[in-house]
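Only one structure is covered here, and it is reproduced in the block below.
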Amino acid sequence: MASTLEIRDLHVSVEGKEILKGVTLTVKTGEIHSIMGPNGSGKSTLALALMGHPKYEVTKGEILFKGQNIVELEPNERARLGLFLAFQYPLEIQGVPLGRFLWAAKKALLGQSQDGQTDKKADAKALSQFRKELQEKMKLLKMDESFAQRYLNVGFSGGEKKRAEIVQMHILKPEIAILDETDSGLDIDSVKIVAEAVNQLRGPDFGALVITHYQRILNFLKPDYVHVMIDGRIVRSGDESLVHELEAKGYDWLINESKAEVS
Amino acid sequence: MTKKIEEVRHLGEKKRPIAEKERETYDRDYSRYAFSYPTDKYKYVLKPGLSREVIEEISAIKNEPKWMREFRLKAYEIFLKKPMPTWGGDLSHINFDTITYYATPTDKGARSWEDVPEEVKKTFDRLGIPEAERKFLAGVGAQYDSEVVYHSIREDLAKKGVIFLSMDEGLREYPDLVKEYFGTVIPPTDNKFAALNSAVWSGGSFIYVPKGVHVEIPLQAYFRINAPQMGQFERTLIIADEGARVHYIEGCLPGGEQVSVGDRWVNIESLKPGDYVIADNGEKARVRATMVRRYRGEMLTIKPISPYNAFRLTPEHPVLVVRRSRVLQRRKPRNGWLPEVDTEKLFTAQPEYVPAGELTVGDFLVFPKVQAHNYNPRYSPELLKLLGYYLAEGSAFIHKTLNVPVVSFSFGTHEKEVITEVCDLITKITGKDAYVTELKGRHAVNVTVYSQELFDVCTSSCGTGASSKRLSDELMALPPEQIEPLLTAYFVGDGNVCDKGNSVMYRAATASETLAQQIQELLARKGIYASIHVRPGGDDTINGRKIHRKDQYIIVYTADKRWSEIRQTDRYFLVPIKEIERAPYDGFVFNLDVEGPSSYLVRGFAVHNCTAPIYSKESLHAAVVELIAKRGAHLRYTTLQNWSNDVYNLVTKRAIAYEDATVEWVDANIGCLTADTKVFLNPRGAVNITEVKPNDWIYALDLNTMEIVKRPVKGIVCTGVKPVFKLITENYREIKATANHPFLALYRSEKHWHLVWKPLEQLQVGDLIAIIDELPPKEGKPAEFVRIKALEPLGEEAVYDIEVEGAHNFIANGLIVHNSRLTMKYPSVYMLGKGARADILSVAFAGKGQHQDTGGKAIHAAPYTTSTIVSKSVSKDGGRATYRGQLVVAKGAHHAKSNVRCDALILDEYSRSDTYPYIEIDEDQVTIGHEATVGKVGDDQIFYLMSRGLSESEALSMIVLGFMEPFTKTLPMEYAIEFNRLIQLEMEGSVG
Ligand SMILES: Nc1ncnc2c1ncn2[C@@H]1O[C@H](COP(=O)(O)OP(=O)(O)O)[C@@H](O)[C@H]1O
Ligand SMILES: [Mg+2]
């Protein structure tokens with residue numbers, strides 16, 4: 001059965017200022033949705049609010065995931081339900097090697113605490129499996145193995161950070177992933193690598209909400225649905241052809257249109 | 001008493017060398033036996049006070065070369081002449097005549113068993129130490145508190161010529177080498193306490209690494225299991241010869257077995273100082289310190305009748321037992337049977353602590369009955385009965401569709417009486433009727449009630465879910481008579497009661513381990529020793545369906561017959577050992593230092609503490625650590641500690657780095673201190689003691705004029721979490737202070753009045769102590785005296801102290817108090833050769849109510865020398881970390897380079913971190929860098945980690961551990977893991 005992320009009339013404020021003004025959107029596993037929109041229209045806000053950033057306050061509306069309203073859930077609880085966010089600006093954490101971090105995250109997702117009393121043998125086996133998997137995934141994203149030992153995002157280039165996000169996604173295997181401008185700042189080869197990695201997960205048990213400015217990545221991803229966000233609202237939804245229309249006309253026609261709608 | 005001391009003293013003259021065969025025994029640790037001395041008896045062997053004779057005697061007992069004796073005596077002369085150091089708090093209240101300088105009570109040269117004092121003999125008798133060993137003890141002397149037992153160094157190291165011995169052994173076996181270096185880094189003239197240490201030192205490590213030899217594994221002194229802080233006057237000397245490399249770890253990390261904390265058992269490693277455990281008398285006792293050490297050797301598994309209660313420990317760990325050999329019948333044993341026991345004798349036998357390694361099958365372990373006496377009227381017999389049924393067969397949940405709380409019980413159709421009883425109980429308790437539904441085909445009946453009240457009681461006092469049911473603290477504290485209905489109902493509900501004619505066997509099975517332990521415990525209190533068996537879970541097929549079964553804990557006892565082999569008194573059971581298993585072990589072992597009864601319960605059985613807390617009060621720790629890194633050598637010294645700073649007091653640690661040599665000091669401090677005491681500052685007025693900063697002016701009393709003066713504060717320090725007392729004067733001034741905190745008291749002896757600094761514990765109601773009547777204090781006003789109205793113990797609190805320049809007291813809450821803290825001396829490195837390097841890394845973690853005061857010192861005394869001083873501190877929950885980095889560049893040390901870096905991570909707005917760089921530079925061509933970063937953990941970082949599935953506290957500890965990583969990665973793996981675990985322990989509960 002498909003899992004569904006259903007956003008209903010979502011209003012989100014940051015520091016008292018309303019950024020999202022009623023977003024309604026449904027993403028199911030098996031589907032790829034894309035959100036496009038001008039800078040500052042609220043795309044990242046949507047992504048962060050979906051993941052549960054404490055600064056982004058849901059003032060109205062619901063986020064239903066697998067039938068449960070997750071608005072009150074902590075980010076880690078959302079992650080455990082199968083939600084994932086590839087950050088537009090991944091954070092740097094000193095002293096925490098990427099590999100160690102991912103292992104802890106993986107165990108947390110499986111419901112094992114950090115130092116819980118687990119079967120040592122089973123643990124060691126799981127760890128060696130994990131190592132192998134991590135190596136594979138890094139290869140898939142064309143990252144050097146040594147990144148596993150490097151501190152999380154510290155000293156990574158922009159592109160390396162983004163690819164590391166996708167490695168994380170592959171390891172943590174979410175049901176619905178939100179990719180926030182993962183393609184920004186990537187050269188064309190990297191875009192292709194990332195897109196292929198996303199496509200590899202594609203299937204009935206995986207859905208994604210891909211936030212982007214550019215057609216490039218969408219050419220590889222072939223989204224099922226395309227939405228345009230302007231000023232905190234989704235003003236237009238369509239299929240892939242909408243991408244080409246935007247490419248040709250820019251956002252202005254939609255901005256004008258949406259203003260007309262509001263007034 | 002005096003007579004005995006003398007008697008013992010002249011016996012110490014001649015010593016025979018220790019034969020190889022005996023060495024093994026010699027190295028064993030007998031200090032644990034010290035617990036059985038009544039304190040006053042113990043003292044007569046301790047022989048307090050310091051004199052030439054005492055020093056000569058120490059030297060004689062140790063059979064030292066003449067030069068060492070002379071060194072000690074000369075140091076003693078220096079000690080007498082040296083003034084009290086100014087770098088510490090005032091030390092004038094230390095009475096050197098009351099300190100015991102060498103504590104090896106049985107060892108004062110008694111050469112035949114007859115010479116051993118009666119008291120000691122009794123102890124040995126009680127301990128059942130074999131005759132051969134007694135002889136040996138009499139001949140050579142047991143190692144008591146002052147010496148350190150060392151593990152053997154690995155053979156390959158020995159082959160390379162590396163020497164790693166206790167300082168005493170080092171002196172015996174390599175006198176020339178020791179003579180060449182001993183006291184060259186820190187001569188007796190350095191300070192009064194270095195002189196004292198030089199005069200009376202005992203224990204410590206001696207390491208020599210020959211030219212060019214690299215020691216790859218870190219050398220670790222496993223301090224004896226008892227009292228790592230007891231190396232009162234230990235002496236460590238490490239020499240890395242040219243081009244050598246060595247890493248030494250002075251490690252005492254706190255810490256698995258399951259230990260009883262009263263209402264349940266917990267893993268020993270999850271305990272922290274300040275927690276309470278159950279001691280051998282069945283009462284609660286506070287954990288003073290927890291420790292862990294690396295152990296490589298034999299591990300014993302002691303298996304009593306109940307296999308579940310088997311526990312593991314190291315052979316030297318004392319276990320409370322009654323030895324079978326002591327309580328035998330006269331009758332000869334029947335073939336193949338254990339010798340039979342005389343019950344009379346067994347009951348009157350006093351249990352004794354015996355090292356686990358000496359136990360034999362058939363000895364009786366002591367299973368204390370945890371004392372519970374908190375009658376609670378909230379629990380009626382009816383309610384307890386119902387809770388018993390709930391534990392056995394009940395479940396509590398919120399009905400999904402109706403959204404109402406439900407408590408439900410399921411029984412077999414045939415259990416008619418029980419069903420009726422449960423219905424009645426429900427009605428009585430909730431006033432509601434229960435619904436009885438029969439589940440057709442499954443021969444089961446459900447009794448259900450919708451009641452918020454009952455739901456709350458059941459879940460809060462018994463938990464929910466088959467594998468997580470447990471009794472609340474409150475229930476476990478009920479006296480045995482009150483809890484009885486619960487137990488009865490539990491066995492009726494869950495168990496099968498099996499009538500075997502002459503005896504009735506009770507059985508109950510539960511998936512909750514905690515519940516099984518608790519039921520065993522409750523049965524024990526009413527005099528029944530039940531055994532627990534574990535039926536491992538696994539995948540199974542029932543009626544064609546695949547199911548996963550959890551582990552089942554089966555509690556079994558026989559009511560009237562009882563275990564024929566188990567005897568009981570009103571406070572404990574005696575449970576015979578069925579089997580002892582021995583297996584090699586390599587890993588960490590844990591131990592607790594428990595106050596009062598000095599013992600704790602492992603899987604229900606009493607074992608002894610690690611420590612014989614003999615010197616815990618007022619003891620003087622004056623250790624000396626000397627490091628010498630010769631040309632091109634690399635020497636690293638790591639200290640890990642996580643208890644109060646007492647251990648550190650007056651330790652002088654210094655290194656010399658010659659040409660191109662590198663010395664690294666790595667220091668980690670976790671855990672330490674607090675107070676709400678008000679002190680008077682000028683001009684700030686009354687402030688909390690924690691608010692005092694160095695260079696504030698504080699009011700103090702000039703003891704010559706007895707008038708109030710203003711004095712600058714040198715520092716404020718934490719001194720540990722300690723028992724605190726409240727002192728109330730007749731004019732209702734109050735102050736909280738530790739037992740040893742000195743107050744200025746006025747005493748009359750015969751005709752004269754004396755002013756004396758008296759520790760609080762020696763004060764009595766009615767004594768006169770100095771106060772300042774008028775607050776705030778004014779300069780020039782005289783002190784007054786007032787009588788003590790009351791002294792009350794208050795429990796444990798973290799305490800602070802202030803160092804005052806030029807006066808050794810200050811005015812706190814209007815009373816005149818002495819400052820008691822003795823400042824540690826920070827590790828220092830003297831770079832004496834061109835190109836030498838010093839790296840000092842200090843890591844501190846200051847949690848709630850703690851103040852970590854750490855520091856390091858680098859002295860550049862040669863050109864082209866380099867030093868880095870790095871401090872990393874984490875503070876949270878109002879904790880405070882202070883770092884003092886001192887840098888000296890002497891004239892001529894041109895092209896010296898130094899970098900002082902202080903990184904602080906502050907986890908909340910209440911915590912703080914301060915660094916005090918002290919820099920003295922007498923040379924122009926130098927490069928000095930000073931950097932300080934203060935980091936706050938950002939919401940975004942936490943959110944990022946949480947979005948991957950980590951909980952908030954996991955995310956926080958991950959960030960903290962990452963911050964500590966530069967330190968952690970210098971540690972060997974097992975220490976790093978242990979360190980991380982400690983930090984995680986500190987971080988727990990820091991969120992929300
Ligand atoms: N943490 C924040 N604090 C203040 N304003 C914010 C914050 N995050 C987003 N905003 C504001 O919300 C609006 C939408 O931003 P964002 O969601 O990042 O847009 P997009 O991702 O579409 O470029 C912008 O005006 C931005 O300044
Ligand atoms: Mg954005």
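In what follows, every chain begins at residue 1, and chains take the letters A, B, ... in the order their sequences are listed. Remember, it's a predicted structure, so these values are computed and weren't measured experimentally.
Each of A:Arg78, A:Arg8, A:Glu72 was compared with A:Ile63 under the side-chain contact (heavy atoms from CB on, under 4.5 Å) criterion, and only A:Arg78 meets it.
Looking at A:Leu152, only its side chain comes within 4.5 Å of chain B, counting heavy atoms on both sides. Both the backbone and the side chain of B:Tyr944 come within contact range of chain A, with heavy atoms under 4.5 Å apart. At a 4.5 Å heavy-atom cutoff, A:Pro174 makes no contact with chain B through either its backbone or its side chain. In this structure, chain B has a heavy atom under 4.5 Å from the side chain of A:Tyr151, while its backbone stays farther away.
Between A:Glu165 and B:Arg948 there is a salt bridge, with a side-chain nitrogen of the basic residue lying less than 4.0 Å from a carboxylate oxygen of the acidic one.
Centroid-to-centroid, the aromatic rings of A:Phe84 and A:Phe206 stay 6.0 Å apart or farther.
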- Give the intermediate values and the outcome of salt bridge (charged side-chain N to carboxylate O under 4.0 Å, His left out) for residues A:Lys161 and A:Glu92. CA-CA 9 Å; A:Lys161 283 182 185 168; A:Glu92 301 184 358; 3.1 Å; yes

